[in-house]
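Each ligand, and each atom within it, is numbered from 1 in the order the structure gives. Since the structure is predicted, the reported quantities are computational estimates derived from the model, not experimental observations.
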Amino acid sequence: MSEATIRYGDREVKLPVIKGSETESGVDISRLAAETGLFTLDRGFGNTAESESSVSFIDGEAGILRYRGYPIEQLAQQATFLEVAYLLLYGELPNRHELDAFTGSVTRHTLLREDMKHLFEAFPHNAHPMQILASATSALATYYPDALDPRDPKSVEVSCRRLLAKMPTMIAWLYKYRVHQPYIYPHNDLDYPSNFLYMVHSLPTEEYIPDPVVVAALNVLLILHADHGQNCSATAVKLVGSGEANIFSSVAAGVLALSGPRHGGANQEVLEMLETMEAAGGDVSYFIERAKDRSDPFRLMGFGHRIYKNFDPRAQIIKRAAEDVLAKLGIDDPLLNIAFELERVALSDDYFIERRLYPNVDFYSGIIYRALGFPTDMFTVLFALGRLPGWLAQWKEGAEDPHTRIFRPQQVYVGPTARDFVPISQRP
Ligand code: SDX
């Protein structure tokens, strides 16, 4: 095994280097503090791995993303979302029997307890969907207390199926509550994306048959969002799970982490940014200059990524899919042309080139969601629906890892040194 040597003062420590199966290696610093008295300081964990993982591989320089070794380009073209969910959860693509059994068990658990309607109805109609979804996800633990033990593999299995099955219904029902329409119950004869679209768009007054173009586009989007290694929300899910909280609580934390505009919330922000640009006449140069101005908090939403430094492979697939879906649906969305122009101008500007800022997964996804009939503030819950199997796979990997410890980072304290209490009568 190769080693890294760290010298500090009169101390020298040799630390093992763990080589991954692809291009990544990590120096194991488990003994660093004990042997040197030093912690590492790594804001945002840009240089730190908390664990070894087998779920997804990302090569930020080459623009590669693989789920359990399979390129997302192949999965997006040939797989169904539940097939990918199975792959992420169990590490292998299912055979026909395994997929039918998995699909059947998910399909048979899509119903929610009727009481959950009171949960949705406790919120203001204009409550943000991510806030409602996080509450509903956490509430599932109270409706299904029979399988909460994170140390019991059978309970974990049951709860994973329940979450995969009930997330679409929860999202559809919170949507129906927000738009003052009746709840639509799942139809077990529909596939996963079709069932979700049916529950969202159907009305008791008329038959709704999901458009195959829309179903196929949603299937691709769900697959492309399914996992992305140790991103912010996956880390939140694992962190909460590291305390042996149940999987519903852990995923609820992931939903809330994803809601931030720097993370999954960006897909909503991108659409709102493009609408602002359209309202301003479509001249993107003014916004590009604002994004470059460090004194201006405005950022180009949907641009930049901690890992991808040449292109986000998901963004490339979604960009092509946006053109294809809008053409098939006969939609001429001016925001797509503004997005194209924004990408073109930004990628020829030194500020973005020097900082290696490219469109990420959130840049074009909202244009498709909009074409599929979803309102802008529903975009991030659609991201959550796609990311659920990745969260579950990452959580399980952490729970099953014998080396897992509770997440408890160190700090470098820079506050006041020891001082005595001063009674208020003696304070100036
Ligand atoms: C997702 O981690 C994942 O895998 C996430 C994700 C997943 O699948 O889970 O891929 C999903 O969250 C995609 C990212 C969505 N967020 C956005 O689109 C929001 C806009 N982008 C950023 O805020 C930013 O790029 C991040 C948060 C995505 C990445 O932040 P980093 O890696 O911490 O980079 P940084 O903030 O240190 O920026 C480096 C430089 C800075 O300039 P300087 O200090 O060098 O002068 O680039 C600048 C930043 O100001 N910069 C931007 C910018 N993003 C970074 N400038 C203008 N517009 C931007 N979008």
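- Residues Tyr86 and Glu92 share a closest heavy-atom pair of CD2-O, 3.3 Å.
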- Task: Determine, step by step, whether Val325 and Leu372 satisfy the side-chain contact (heavy atoms from CB on, under 4.5 Å) criterion, reporting the C-alpha distance in whole Å, the side-chain angles of both residues, the deciding distance to 0.1 Å, and the verdict.
- Result: CA-CA 9 Å; Val325 169; Leu372 301 189; 4.1 Å; yes
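- Tyr208 and His187 have their aromatic ring centers separated by at least 6.0 angstrom.
- For atom 22 (C) of ligand 1, the nearest non-hydrogen atom from the set Arg299, Arg262, Arg306 belongs to Arg299.
- In this structure, atom 28 (C) of ligand 1 lies nearest to the protein heavy atom Gly304 O, 3.6 Å.
- Ligand 1 lies within reach of Arg387, whose nearest heavy atom is under 4.0 Å from it.
- Between Ile72 and Ile64, every side-chain heavy-atom pair lies at or beyond the 4.5 Å cut-off.
- Under a 4.0 Å N-O distance rule, the pair Asp211/Lys328 does not qualify as a salt bridge.
- Annotation: atom 60 (N) of ligand 1 to nearest protein heavy atom, Leu300 O, 2.7 Å.
- Nearest-heavy-atom check against atom 40 (C) of ligand 1 across His305, Arg356, Arg355 picks out Arg355.
- At a 3.5 angstrom cut-off on N or O pairs, Phe303 counts as close to ligand 1.
- Residue-level proximity to ligand 1 for His263 is carried by backbone and side chain together, each with a heavy atom below 4.0 angstrom.
- Checking atom 44 (O) of ligand 1 against the protein gives a heavy-atom contact under 4.0 Å.
- In this structure, of Gly265, Pro359, Ala266, the residue bringing a heavy atom nearest to atom 17 (C) of ligand 1 is Ala266.
- Closer than 4.0 Å to atom 26 (C) of ligand 1 lies none of the heavy atoms of the protein.
- Remark: the Ser53 side chain and the Glu397 side chain contain an N/O donor-acceptor pair separated by less than 3.5 Å.
- Protein heavy atom at the shortest distance from atom 13 (C) of ligand 1 is Asp362 OD2, 3.6 Å.
- Nearest heavy-atom pair, Gly302 versus Phe363, reported as atom, atom and distance to 0.1 Å: O-CB, 3.4 Å.
- Below 4.0 Å from some heavy atom of Met301 lie the following atoms of ligand 1, by number and element: 18 (O), 19 (C).
- The residue Phe363 has no part lying near ligand 1, judged by heavy-atom distances below 4.0 Å.
- Between Phe298 and ligand 1 there is no heavy-atom distance shorter than 4.0 Å.
- A heavy-atom separation below 4.0 Å is not found between Cys232 and ligand 1.
- Put simply, part of Arg314 is less than 4.0 Å from ligand 1, judged by heavy atoms.
- At a 4.0 Å heavy-atom cut-off, ligand 1 does not touch Asp312 at all.
- The protein atom (non-hydrogen) at minimum distance from atom 57 (C) of ligand 1 is Ala291 O, 3.6 Å.
- Scanning all heavy atoms of the two residues, the minimum distance from Ile184 to Ser202 falls at CG1-O, 3.5 Å.
- Closest protein heavy atom to atom 48 (C) of ligand 1: Tyr351 OH, 3.6 Å.
- Protein heavy atom closest to atom 52 (C) of ligand 1, with residue, atom name and distance, is Leu357 CD1, 3.6 Å.
- Looking at atom 4 (O) of ligand 1, its nearest protein heavy atom turns out to be His228 ND1, 2.6 Å.
- Close approach to Gly302 involves these atoms of ligand 1, each under 4.0 Å from a residue heavy atom: 17 (C), 18 (O).
- In summary, the side chains of Glu343 and Tyr364 do present a donor paired with an acceptor at a separation below 3.5 Å, with no hydrogens or angles considered.
- Counting only heavy atoms from C-beta outward, the side chains of Tyr358 and Leu347 approach each other to under 4.5 Å.
- When heavy-atom distances to ligand 1 are checked against a 4.0 Å cut-off, His225 has no atom that comes that close, whether in backbone or side chain.
- By the criterion of a heavy-atom distance under 4.0 Å, the side chain of Arg294, and not its backbone, is placed next to ligand 1.
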- Task: Go through the steps to decide whether Glu83 and Gln78 satisfy the test side-chain contact (heavy atoms from CB on, under 4.5 Å), and finish with yes or no.
- Result: CA-CA 10 Å; Glu83 206 170 0; Gln78 303 176 58; over 6 Å; no
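- The residue Ala234 has no part lying near ligand 1, judged by heavy-atom distances below 4.0 Å.
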- Item | Criterion side-chain contact (heavy atoms from CB on, under 4.5 Å) on Tyr177 and Lys117, from CA distance to verdict | CA-CA 9 Å; Tyr177 167 67; Lys117 292 176 181 176; over 6 Å; no
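- Between His201 and Phe374, the distance from one ring center to the other falls under 6.0 angstrom.
- The NZ atom of Lys292 lies 12.5 Å from the CZ atom of Phe298; values are rounded to the nearest 0.5 Å.
- Within a 4.0 Å radius of atom 34 (O) of ligand 1, the protein contributes no non-hydrogen atoms.
- Geometric assessment of Arg355 against the ring of Tyr351 yields a positive cation-pi assignment under the 6.0 Å and 45° thresholds.
- For atom 2 (O) of ligand 1, the closest non-hydrogen atom on the protein side is Asn231 CB, 3.6 Å.
- Using a 4.0 Å cut-off between charged side-chain N and carboxylate O, Arg320 and Asp324 make no salt bridge.
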